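Just so you know, these numbers come straight off a predicted model, no measurement behind them.
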Amino acid sequence: ASGKYLSVNENLKMFGTDRSGNLLSIAKEKNINSQFFVADSLKLPINTESFDSAISIAVIHHFSNELLRIQALKEMFRIVKKGGKILVYVWAMEQKDKKFTEQDNFVPWHWQNKYENETKVETLQNGPNIMEDKKIDCTVYQRYYHVFYKGELEDLINKTGDNVEIIKSYFDHANWCCVIKKK
């Protein structure tokens, strides 16, 4: 949750969520007019039909199985009002810069140590698949990604059983994307 999309329009009231309080702190620094809270995408602490729209950029592909991905979509659909729109971006299998041989992967993710307190870094360094890169002052984690084939995101949306309609599907840089309308 870098929050980079939360400052695109000052006339809108924006909210951001993430499971990581540290990532939310970074987003808060960049978006002082938005509100943030720690939440689990699978069970959002938000009333049904509270928002006009929702975006999910680079989230759904981190869930390890189809049931969890469907639940995350259903939660987004639940919190959006009838007639509202949802934008979803997921990593594509068909990327130019990264070549994948399988759909389920662990990809190195660099977390700058300046955002981490000393106690937490020491604790995290003891975990599996975590190392520190002192040259660029970051901790490198192996993050799970499910990369999507063309049409897979649309199939997933249709499997939610929710009253939604895919308005537009497209490829953007290295992502499959859908604009969805709640009926």
- Item | Residues Tyr144, Asp104; criterion side chain to side chain donor-acceptor pair (under 3.5 Å); working and verdict | CA-CA 7 Å; Tyr144 172 81; Asp104 299 305; 2.3 Å; yes
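Centroid-to-centroid, the aromatic rings of Tyr145 and Phe106 stay 6.0 Å apart or farther.
Within the structure, the ring-ring contact (aromatic ring centres under 6.0 Å, His included) test picks out the following pairs touching residues 150-173 (sequence neighbours left out): Phe171-Trp176. Screening residues 62-75 for salt bridge (Lys or Arg N to Asp or Glu O under 4.0 Å) gives Glu66-Lys159, Lys74-Asp162, Glu75-Arg78 as the qualifying pairs, with residues at least two apart or on separate chains.
Looking at Lys85, its side chain never comes within 3.5 Å of a backbone N or O of Ser53 through a donor-acceptor pair. No donor-acceptor pair under 3.5 Å is formed between the side chain of Thr160 and the backbone N or O of Leu156. Using a distance-only test at 3.5 Å, with no hydrogens or angles considered, no donor-acceptor pair links the side chain of Asn105 to the main chain of Val107. With Asn31 contributing its side chain and Asn33 its backbone, the two residues share no donor-acceptor pair below 3.5 Å.
Side-chain contact, Asp172 with Tyr89: a donor N or O sits under 3.5 Å from an acceptor N or O. Side chain to side chain, His146 and Glu152 meet the donor-acceptor criterion of an N or O pair below 3.5 Å.
By the 4.5 Å heavy-atom criterion applied to side chains, Arg19 and Asp40 are counted as neighbours.
Between Phe15 and Phe51, the ring planes lie perpendicular to each other; the angle is over 60°, past the 30° to 60° tilted range.
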